[in-house]
Amino acid sequence: MSEKSSIGKAEITRTLEQLGHILEIAGSSPFKVRAFVNGSRALENWQGDLFQLVGDGNVSSIQGIGKGLASIIEDLVQDGQSEAETEIRALIPESLLQLLRIAGLGPKKVRAIYEKLEIETIDDLEKACKEELIQSLPGFGKTSENSILKGINNLRRFSGRSLIPNAQSVAERFLASVKDAQGVTQAEIAGSMRRNRETIGDIDVLVASLEPEAVRQAFLSTEGIKEVLAEGETKSRVISEEGMGVDLRVIEPKSFAPALHYFTGSKEHNTRLRQRARDRGWKLNEYGLWNEAGEALSTPEEKDIFNLLDLAWIPPELREDNGEIEWAEKLFAEKKSWNELVTADQIQGVLHCHSTWSDGKATLQEMVQAASDMGWSYYGTADHSRTAAYAGGLSIEQLAEQLLEIQKLRKGFPQLTILQGIESDILQDGSLDYPDEVLERLDYVVASVHSSFSMSRKDQTARIEKALRHPCTTVWGHPTGRLLLQRDGYEIDMDHLLKVAAEEGVIVELNAHPRRLDVDWRWGRRIQELGLDVGIHPDAHSTHGLKDVQYGVMAARKMGLSSTQITNCMERDEYLERIKRCHQS
DNA sequence: GCCGTTTTCGGCCCGACTGTTTTCAGTCG
């Protein structure tokens, strides 16, 4: 398959989604619109070698992608462009897509604004609002004009999504303030946070109470509300001062389980479940599950909903319509339940941490003390290698000096096994950063890419493959190099490299830094199929950074992994044996 | 546009809140 085009899967999924939105503004059938958006998601969730799939002419084998979308995808992969795409893009000015990002503006209103006033950009729309041109349009008024101005303002101030720790602190604040409101029996965070998504758009607070008014009062009196967007009897929505949308939903206690399921989502997962209910002549909504006669079935817990639909209970993290429903069906038929997903207290130790020896903020002794305080039984430091000059990479002499310090520390921390590793840059030609005899003296090697991100997919893949095949490589560090909300990862043939890692016994890192969470959870199923071992490593640059393993654990749960698939859930002796095995001279 | 123990047509999930409306369309999750 030719690789002359540089269009990867990520760009194609974005294109399909955009085309859906363009069709929406252009007034296409809502079902056609949904087909594009669904197709985009189906492709995003599908893991494998897209080049291969296109070569085999099998694109429409992906559920949700039919002949039409398959042909667009094939054209994009093979030529970098598609005639159908060009035709759709010609329907409306591209810049109208930006208007959709303004809260309160949907496709119909954007279209009306464009057709009546020929407004194409956010700047022009802002000007029109200030000149009071919008309020005269049919279906608009003075209030809509003001809310559009507010929406534009918010859009400019906030990027839209947040990293998990930032979202957590906002969520905890709002949860705390409704929890003690009068009449509250239960309160939980639902939505993408409960599903452990890698970034969070909105926070969903779900509260069970027969006194919704008291809950609303408590919610709206939470500290740090920038703006109230809606306040109804059972539903309110605000923007926090951090720029996060926070939704409150109050539900009667008897409906808490179906509501928790409903507001946990994902939307796609919910749609599938509601369809499943419909197939039986039933109805599923946030208030409960209803039979043909319209009688509520008993669903005191989430698992009751699943079981009544002949499904095993599905952990919230897995509810992405990513094959979990089919799996739950099988488990239910076999009277089995899901394997227990990994928990943070099962982590026994970590590799891949930094210290002041390279670019860390804490000394090695401080890091070791913190690791000991975490109750771990092994700890590996892996500072940067010599080529990483930007990060104070260690020379061969410094590595030797560091070992002396480690030997001293070992005496002070007899209960903690302290390992000396290195995070070796994978050089441009795929070799590691020290001579083999230096690498062999270390306890382990994390091989990571830190430079030349823009190599072609083919070259980047070959580069990393060479590093993974090096006998000293123990761990493949942050496999894609992505930084969430900052940059995409480098282009690689992930499926191929995972196979290489499996062949070589290399541990695939799940980098737990909340900005990385790399490897992406969407590879979870493939990783399990290949029988790969995953290591959850904090990539800590400070003592506080060690606590980031919790985010790695969240991502591992989202991958569907249990402790037996995580190397650093092993007891010390087994673990030391394991990292020796893939670090042979 | 996608899909099919309704298989090539006729469906396609569901409900709250808002604003501009006199009964509802649009937006959102």
Side-chain angles (χ1 to χ4, degrees), chain A residues 16 19-25 27-43 59-73 84 88 99-113 134-148 150-151 190-195 200-206 212 216 228-238 245-251 255 258-259 261-280 282-290 321:
Chain A
L16 293 182
L19 294 182
H21 292 317
I22 292 171
L23 289 168
E24 204 173 13
I25 298 174
S28 272
S29 141
F31 301 111
K32 185 170 173 177
V33 170
R34 192 190 301 166
F36 272 82
V37 176
N38 283 349
S40 165
R41 266 196 49 86
L43 181 62
V59 181
S60 59
S61 67
I62 300 175
Q63 179 77 12
I65 292 179
K67 264 169 71 179
L69 293 181
S71 129
I72 295 178
I73 294 168
I88 294 172
L99 301 192
L100 276 186
R101 298 174 60 209
I102 299 167
L105 279 193
K108 301 267 167 41
K109 288 188 173 176
V110 167
R111 187 176 180 198
I113 290 168
I134 300 295
Q135 54 178 289
S136 58
L137 296 179
F140 292 79
K142 185 72 200 150
T143 313
S144 345
E145 205 168 61
N146 285 333
S147 85
I148 290 173
K150 274 187 195 166
S192 55
M193 281 204 81
R194 184 161 182 252
R195 298 203 315 281
I200 307 297
D202 297 293
I203 292 167
D204 296 284
V205 184
L206 182 66
R216 180 173 70 151
V228 178
L229 295 182
E231 40 178 331
E233 246 177 85
T234 62
K235 194 172 156 178
S236 300
R237 178 173 174 80
V238 302
V246 187
D247 290 320
L248 167 72
R249 186 62 187 264
V250 188
I251 203 96
S255 290
H261 174 263
Y262 181 91
F263 290 105
T264 295
S266 67
K267 207 169 21 169
E268 293 79 8
H269 168 96
N270 285 355
T271 303
R272 286 287 308 280
L273 247 61
R274 283 196 293 270
Q275 273 165 349
R276 209 177 162 86
R278 271 175 70 103
D279 292 345
R280 290 161 166 70
W282 299 354
K283 187 173 77 164
L284 176 63
N285 59 21
E286 63 261 55
Y287 301 109
L289 181 58
W290 320 82
D321 188 22

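Naming: A, B, ... by sequence-line order, numbering from 1 per chain. These numbers come from the heavy atoms of this one structure, side chains and all, not from hydrogens, waters or symmetry mates.
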What's the [atom1]-[atom2] distance between [X] and [N], to the nearest Å?
X: Asp321(A); N: dC2(B); atom1: CG; atom2: P; answer: 16 Å
X: Lys67(A); N: dG1(B); atom1: NZ; atom2: P; answer: 11 Å
X: Ile22(A); N: dG1(B); atom1: CD1; atom2: P; answer: 15 Å
X: Asn270(A); N: dC14(B); atom1: CG; atom2: C1'; answer: 10 Å
X: Arg272(A); N: dC2(B); atom1: CZ; atom2: P; answer: 17 Å
X: His21(A); N: dT27(B); atom1: NE2; atom2: P; answer: 13 Å
X: Leu19(A); N: dG1(B); atom1: CG; atom2: C1'; answer: 12 Å
X: Asp279(A); N: dG4(B); atom1: CG; atom2: P; answer: 12 Å

Restricting both atoms to N or O, compile the protein contacts to nucleotides 16-19 of chain B shorter than 3.5 Å, with distance only.
| unit_1 | atom_1 | unit_2 | atom_2 | d |
| --- | --- | --- | --- | --- |
| dA16(B) | OP1 | Tyr287(A) | OH | 2.8 |
| dC17(B) | OP1 | Glu233(A) | N | 3.2 |
| dC17(B) | OP1 | Thr234(A) | N | 2.9 |
| dC17(B) | OP1 | Thr234(A) | OG1 | 3.3 |
| dC17(B) | OP1 | Lys235(A) | N | 3.0 |
| dT18(B) | OP1 | Glu231(A) | N | 2.7 |
| dG19(B) | O3' | Ser144(A) | OG | 3.4 |

Quiz item: In this structure, are over 12 heavy atoms from other groups packed under 6.0 Å from Gln135(A) atom CD?
Solution: yes
Could you list the protein-to-nucleotides 6-12 of chain B atom pairs, N/O on both sides, closer than 3.5 Å?
| unit_1 | atom_1 | unit_2 | atom_2 | d |
| --- | --- | --- | --- | --- |
| dC12(B) | OP1 | Arg278(A) | NH2 | 2.3 |

Tell me what [X] touches on the nucleic acid: a base, only sugar-phosphate, or nothing, going by heavy atoms under 4.0 Å.
X: Ile65(A); answer: sugar-phosphate
X: Ala103(A); answer: sugar-phosphate
X: Pro138(A); answer: nothing

The salt bridge (charged side-chain N to carboxylate O under 4.0 Å, His left out) partners of Arg34(A) (sequence neighbours excluded) come to none
Answer for the Watson-Crick or wobble partner of dT8(B), both distances under 3.5 Å, is none
Distance, C1' atom - from dT7(B) to dC14(B), rounded to whole angstrom: 28 Å
Taking for Gly66(A) and for Asp247(A) the nucleotide of DNA chain B with the nearest heavy atom, the one nearer the 5' end belongs to Gly66(A)
Check your understanding: Salt bridge check: are Arg41(A) and Asp321(A) linked by an N-O gap of less than 4.0 Å?
Key -> no
dG15(B) phosphate, OP1 or OP2, under 4.0 Å from Lys283(A) side-chain N/O
yes
Of the candidates dC3(B), dG1(B), dG15(B), the side chain of Asn285(A) sits closest to dG15(B)
So, does the side chain of Tyr262(A) form a donor-acceptor pair with the base of dG29(B) at under 3.5 Å?
yes
Can you tell me if Thr264(A) and Arg194(A) form a side-chain donor-acceptor pair at under 3.5 Å? yes
